[in-house]
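Below, chains carry the letters A, B, ... as their sequence lines are ordered, and counting in each starts from 1.
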Amino acid sequence: MTPAGPRSSRAMDREEQGRRRKLKEIEELGFRPWPNRFATTHAVASVLSQFDGASAEALESMPETDRTVRVGGRVTALRSFGRAAFLQLLDGGTAIQVHIRKDILPRPQFLATRRLDLGDWIGIEGSLFRTRTDELTIKATSFTFLAKAFLPLPEKWHGLSDRDTRYRKRYLDLLSNPATREVFRRRAAIVTSMRRSLDDAGFLEVETPMLQPLATGAAARPFSTHHRALGIELFLRVAPELYLKRLVVGGFPRVYEINRNFRNEGLSTRHNPEFTMLECYRAFSDCGDMMELTEAILRAAAATVLGGEAADFDGARIAFHEPFVRRSLIEITGEALASRGILLEPAALRRRAPLVEAHRALDLVPPPAATAGKLLLGLFEALVERTLIQPTFVTGYPVEVSPLSKADPDDPALTERFELFAGGLEIANGFSELNDPDEQAARFGEQMARRQAGDEHAMDWDYIEALRHGLPPTGGVGVGIDRVAMLFTGSKAIRDVILFPHLRPRESR
RNA sequence: GGGCCGUUAGCUCAACCAGGCAGAGCAACUGACUCUUAAUCAGUAGGUUGAAGGUUCGAUUCCUUCACGGCUCACCA
């Protein structure tokens with residue numbers, strides 16, 4: 001009779017059948033089992049904000065109508081006595097206590113409250129008062145049944161703690177763990193703050209294709225799919241970058257997009273196959289301007305979410321309100337090598353042989369056929385990245401690992417590019433955008449020549465054509481929203497800041 | 001892919017080291033109770049101990065393999 005799930009057990013069947021029986025009994029008392037609407041006067045949170053300051057006496061002296069509210073919510077606790085009960089109503093993450101009395105509620109309504117289970121949705125009208133323990137409470141004058149929960153809530157004291165279940169059944173995590181609700185409120189506040197910063201600075205929010213004929217803008221393995229009507233293969237984007245720059249060509253000098261990118265690579269505590277990135281582009285700006293913009297956006301988000309306090313992350317206090325440190329990639333990597341007894345002149349940090357030698361000395365395997373720039377970046381990632389706890393801009397990336405960045409006019413082997421690190425995580429990546437179409441075509445060509453798997457790096461001739469129409473000097477930056485959310489919520493795992501992270505599908509749970 | 005840890009009632013966990021009737025709290029069910037808040041009190045029910053195999057008189061416990069998960073390392077612009 002019940003849709004028994006694959007996980008159903010005898011105990012669960014009994015539980016669910018008991019709840020179905022009680023729904024029937026509530027129906028027999030004259031209630032509609034699944035009503036369509038309940039008109040509330042307040043959210044529970046607004047009841048609290050409006051009345052939490054009122055003392056017992058103040059409430060008492062108010063006219064009844066001034067302290068009468070109608071609220072809806074989920075029953076999360078139920079303490080029942082003979083002719084009275086207290087229950088806790090959770091609405092939008094905020095709870096309020098409701099007092100039920102047999103001598104106040106109409107008889108069928110009182111009887112229906114005796115048939116409630118934890119998890120049920122109900123509506124209450126009543127007047128506010130304070131209990132002997134001074135808790136703001138609604139004395140119910142009217143009870144409405146709104147919806148039945150056939151399945152029980154997670155354990156009330158420990159909440160839901162199994163990580164796997166928390167990710168797979170996030171709704172249970174959210175309704176039983178206030179800390180989880182706070183993480184996702186903060187995440188939303190971060191995004192809202194970033195939007196406000198950019199909107200206020202005259203940026204236009206746009207949406208560019210997630211289904212792309214070529215997966216461009218980053219060197220990552222894409223997901224592929226098929227368009228039936230067009231009969232073509234499409235890729236889920238790995239970055240929106242080249243489309244956003246087309247918009248600058250088209251005359252939108254300030255654009256940004258906040259949305260998902262997809263990379264078909266390994267999962268880790270720092271990587272989810274789909275992740276959210278803010279990318280923004282500003283005409284007439286360079287790498288240095290974008291560092292300032294990035295710092296300002298993050299500072300504003302930190303002020304909103306953390307109130308100007310440092311972020312607690314992995315045992316560190318990360319000060320987004322202080323000026324961000326700036327270091328050159330070559331210098332900081334050279335220092336890290338020196339501290340391990342590997343002394344290399346700055347010039348040697350640009351040549352393959354000494355860098356390969358450094359890898360060997362550190363028991364690292366140098367990637368085959370890697371360029372000097374790639375080797376240097378490998379050493380940086382192995383030795384330095386995790387140590388950058390306070391917000392740090394690293395600048396001066398080799399041209400071979402930065403195919404979309406403009407070269408530094410004073411040092412053509414390097415580009416005007418930065419990456420921002422904090423808490424040991426890469427947070428942002430920005431640069432002066434390469435706008436010379438011939439140079440860009442040549443860089444793409446080098447990339448393709450260097451990769452065996454040519455399909456990963458097709459030449460985007462359409463983008464080159466856009467550049468041939470003229471891209472003004474432009475600065476761009478991408479900010480990893482998930483990583484920022486990790487830092488601002490103290491979450492060590494990216495899965496903790498993604499509502500429905502990707503997990504291996506499960507047959508029987 | 002490697003290492004470590006884990007999988008026992010609906011949930012959170014004991015029992016395992018040193019093999020001997022599988023337990024507690026919460027949730028559920030019955031009853032009492034008109035200011036409780038992890039309500040309380042009395043009672044009831046609830047188990048293929050992740051799966052398969054092995055050792056043993058006897059396995060939740062020891063061994064092997066597998067599945068799933070966590071942490072971590074590696075891989076991964």
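Although no hydrogens or angles enter the test, the distance criterion places no donor-acceptor pair under 3.5 Å between the side chain of A:E274 and the main chain of A:R260.
Using a 5.5 Å limit on the distance between ring centres and a 30° limit on the angle between planes, the aromatic ring of A:F81 does not count as stacked on the six-membered base ring of B:U34.
Relative ring orientation between A:F393 and A:F324 is described as tilted, the plane-to-plane angle lying within the 30° to 60° band.
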In residues 416-431 of chain A, what donor-acceptor pairs under 3.5 Å come from side-chain atoms, sequence neighbours left out?
from: A:E416; atom 1: OE1; to: A:S432; atom 2: OG; distance (Å): 2.5
from: A:R417; atom 1: NE; to: A:N429; atom 2: OD1; distance (Å): 3.0
from: A:R417; atom 1: NH1; to: A:V401; atom 2: O; distance (Å): 3.0
from: A:R417; atom 1: NH1; to: A:S402; atom 2: OG; distance (Å): 2.7
from: A:R417; atom 1: NH2; to: A:E419; atom 2: OE2; distance (Å): 3.1
from: A:R417; atom 1: NH2; to: A:N429; atom 2: OD1; distance (Å): 3.4
from: A:E419; atom 1: OE1; to: A:Y397; atom 2: OH; distance (Å): 2.9

Pairing string of RNA chain B (Watson-Crick or G-U wobble, both atom distances under 3.5 Å; | = paired to other strand) is (((((((..((((......[..)))).(((((.......))))).....(((((..]....))))))))))))....

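For the pair A:R115 and A:E28, the salt-bridge criterion is not met [side-chain N within less than 4.0 Å of a carboxylate O]. Look at A:D117 and A:K148 and you find a salt bridge, because one of the NZ, NE, NH1 or NH2 atoms lies within 4.0 Å of a carboxylate O, short of that distance.
Across the P atoms, B:G3 and B:U49 are found 29 Å apart, a figure rounded to whole Å. Using atom C1' as the reference point in both B:A39 and B:C33, the two lie 11 Å apart (nearest Å). Here the separation of B:U44 from B:C26, taken at their P atoms, is 15 Å to the nearest Å. Separating the P atom of B:A45 from that of B:U30 is a span of 15 Å, rounded to the nearest Å. B:G6 and B:U12: their C1' atoms are spaced 15 Å apart (whole Å). Comparing B:G54 with B:C68, their C1' atoms are spaced 23 Å from each other, to the whole Å. Distance noted for atom C1' between B:C66 and B:A24: 32 Å (whole Å). Comparing the C1' positions of B:A14 and B:G2 gives a spacing of 32 Å, expressed to the nearest Å.
Among the protein residues, A:S80 comes within range of the nucleic acid bases, having at least one heavy atom under 4.0 Å from a base atom. The residue A:E135 sits close to a base: some heavy atom pair falls under 4.0 Å. Within 4.0 Å of A:P273, counting heavy atoms only, lies no atom of the nucleic acid at all. No contact: A:Q88 has no heavy atom under 4.0 Å from any strand.
Below the 3.5 angstrom threshold, one finds a donor paired with an acceptor across the side chain of A:R79 and the base of B:U36.
When the nucleotides B:C35, B:A77, B:C76 are ranked by their closest atom to the side chain of A:N429, B:A77 comes out on top.
In terms of the side chain to side chain donor-acceptor pair (under 3.5 Å) criterion, A:S46 has no residue partners (sequence neighbours excluded).
Between A:L128 and A:I96 there is a side-chain heavy-atom pair separated by less than 4.5 Å.
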